[in-house]
Amino acid sequence: MRCIAHSLSIFLALGVATGLTRSASADDIQAKVKPSGSSSVKDHVRRGQRARNAGLWVEAHAAYKAAFESADPATSTERERAELAGELGLCEVALHRYRDAAEHLSRSLEQRETLPDALRRRFEAGQREAARHIATLVLGVDPPDAEVFIDGERIGEIARTYTRFFEPGKHMVRARAPGREDALHSFLAVAGAEHEITMQLPRSAASSAKEASSAKEIATAAPSSARRLPAARAQAPSPWASWPGTLRITGIAVSTAGVAVGTILIVRAGKLDDDLSARRARLQSEPSSSASMCWQAPRSSPCGELARLQDARNTYGRAGLAAVITGGVLGAMTAASFFTDFSFLGLTPAGDRVHASPVANGSEIGARIEGKW
């Protein structure tokens, strides 16, 4: 009995060991047979190539789309994903799905440096064909972290500039950001055209008020010792700091008045000269008068009136000429004072107060002098 029991225990141990070995072998075989992600992508690509060569664009599009969605960034390269996106875009061009084609071809050509030349040329030709049927939008948004919605659909990534493709027709763009007012913009997309839109979101009234309140709190939170500092005593201006400006103002006023008064006096002298000429001509036209009669003529006579007019004319003329000359000299001196440097008196240098620039246009020519005094 003991031998039989011992034999049964040996057979039972051998059976368990054999079962575990078979189970492990089955698991290894299943692991080897189970396709990986890369082999699945290759299967989709092979199906897409066969369908494309046969002209079955719907089947080719489905296969390349499955391959593009199955491509894992962790196990595939940028070039492989760019090739899949380009092939998918070419299928969409053949199916007249131009907007999707432009999106995928544009994404593929972002890696154009990694693509073979022949493949790159195929993708560029497909992109040109798609661009003829859709509109391109280059959208700039400020601030760059704003959410952007196009026709109610949110754009996933956040950027300062977006490039999107649209079917021809009217579209609406909306942007929003915290503390900003929403911005809306509608545009009419034209096939084959590129539209550029810049959207700036102004700060909302509540945000501006909050910032002003924060600034006020910061200002009121200043140290009390700083607020208790005595104010600096204003120093009385030096008398030497004001006399150049006063003299200039006085010089301008006197020169202007002198020229004006002198002009009036000269005009008055000219009128008296006209009256004198008229009376002299009338007196000479009388048959009983002669030039020798006016030498010793009394003041109440016509000749005496001519003498008074002549004296008045000469007086007005001399006074007017003197006033004009005096005003001109004062004006020249006042203008020259603008170019005088009073730095030895501790004043602002003339170069900082006066600026001269030439002026030449259709109506005037000369120089413009600007300064403070």
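Note: hydrogens, waters and symmetry copies are ignored here, and every other heavy atom, side chains too, is used.
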- Between H195 and L188, does a side chain to side chain contact (heavy atoms under 4.5 Å, CB included) hold up when you go through it step by step? CA-CA 9 Å; H195 305 271; L188 182 63; over 6 Å; no

- Message: Go through it in stages, so that I can follow the logic: the residues are T326 and V254, the test is side chain to side chain contact (heavy atoms under 4.5 Å, CB included), and I'd like the CA-CA distance, side-chain angles, deciding distance and then a yes or no.
- Response: CA-CA 9 Å; T326 303; V254 172; 5.9 Å; no

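Cluster membership check: L184 does not share its hydrophobic cluster with I150, using side-chain heavy-atom separations under 4.5 Å among Ile, Leu, Val, Met, Phe, Trp and Tyr. M172 and V148 fall into different hydrophobic clusters, where Ile, Leu, Val, Met, Phe, Trp and Tyr side chains are chained together by heavy-atom contacts under 4.5 Å. Cluster annotation: L105 is not connected to L88 through the hydrophobic network of ILVMFWY side chains, with a link wherever side-chain heavy atoms come within less than 4.5 Å. When the side chains of ILVMFWY residues are joined at heavy-atom separations under 4.5 Å, either directly or via intervening members, L84 and L109 end up in two distinct hydrophobic clusters. Both V329 and L321 are part of a single hydrophobic cluster, where members link through side-chain heavy atoms under 4.5 Å apart.
The closest side-chain heavy-atom distance from D100 to L95 is not below 4.5 Å. Side-chain contact between T75 and V41 is absent, with no heavy atoms from C-beta onward closer than 4.5 Å. Between R180 and R203 the shortest side-chain heavy-atom distance falls below 4.5 Å. When side chains are defined from C-beta on, P116 counts as touching E83, because their heavy atoms get closer than 4.5 Å.
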Contacts table for residues 312-319: side-chain donor-acceptor under 3.5 angstrom, sequence neighbours left out:
from, atom 1, to, atom 2, distance (Å)
R313, NH1, D273, OD1, 2.6
N314, ND2, Q310, O, 3.2
T315, OG1, D311, O, 2.8

Would you give me the side-chain donor-acceptor pairs under 3.5 Å for residues 53-63, sequence neighbours excluded?
from, atom 1, to, atom 2, distance (Å)
N53, ND2, Q49, O, 3.1
H61, NE2, E92, OE2, 3.3

Identify each donor-acceptor pair in which a side-chain atom of residues 256-267 lies under 3.5 Å from a protein atom, sequence neighbours left out, and give them as a table.
from, atom 1, to, atom 2, distance (Å)
T256, OG1, I252, O, 2.7
T263, OG1, V259, O, 2.7

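Enclosure of atom CE in M333 is not indicated, since only 12 or fewer non-hydrogen atoms of other residues, nucleotides or ligands lie within 6.0 angstrom.
When all heavy atoms of R81 and A71 are compared, the closest pair comes out as CG-CB, 4.2 Å. Nearest heavy atoms, A82 versus Q111: CB-CB, 3.9 Å. The heavy-atom pair separating V141 from A146 by the smallest distance is CG1-CB, 3.8 Å.
Rounded to the nearest 0.5 Å, atoms CZ (R164) and CD1 (I134) are 12.5 Å apart. Within the model, atoms CD of E78 and CD of E80 stand 10.0 Å from one another, a figure rounded to the nearest 0.5 Å. L137 contributes atom CG, which lies 8.5 Å from atom NE2 of H185 (distance to the nearest 0.5 angstrom). Rounding to the nearest 0.5 Å gives a distance of 5.0 Å between CZ of R122 and CG of L90. With rounding to the nearest 0.5 angstrom, the CG atom of L119 is 7.0 Å from the OG atom of S108. Atom CZ in R52 sits 7.5 Å away from atom SG in C91 (nearest 0.5 Å).
Annotation for F149: hydrophobic cluster partners, listed by chain and number, are none (ILVMFWY side-chain heavy atoms under 4.5 Å, direct or chained).
Legend: residues meeting side-chain hydrogen bond (donor to acceptor under 3.5 Å, both in side chains) with R47, ordered by chain and number and at least two apart, are H44. Every residue meeting the side-chain hydrogen bond (donor to acceptor under 3.5 Å, both in side chains) condition with E147, not counting sequence neighbours, appears here in chain and number order: R154, R176. Considering only residues two or more places apart in sequence or on other chains, R121 meets the salt bridge (Lys or Arg N to Asp or Glu O under 4.0 Å) condition with none of them. Residues meeting the salt bridge (Lys or Arg N to Asp or Glu O under 4.0 Å) test with R268, sequence neighbours left out: none.
For residues 153-175, the pairs satisfying ring pair (Phe, Tyr, Trp, His ring centres under 6.0 Å) are F166-H171, F166-F187, H171-F187, with sequence neighbours left out. Note on residues 187-198: no pairs pass salt bridge (Lys or Arg N to Asp or Glu O under 4.0 Å), not counting sequence neighbours. The salt bridge (Lys or Arg N to Asp or Glu O under 4.0 Å) analysis of residues 102-111, with sequence neighbours excluded, yields no pairs. Identified under the ring pair (Phe, Tyr, Trp, His ring centres under 6.0 Å) test for residues 86-133, with sequence neighbours left out: F68-H104, H96-Y98, Y98-H133.
Ion pairing between a basic and an acidic side chain is recognised when a charged N comes within 4.0 Å of a carboxylate O; R46 and D43 show such pairing.
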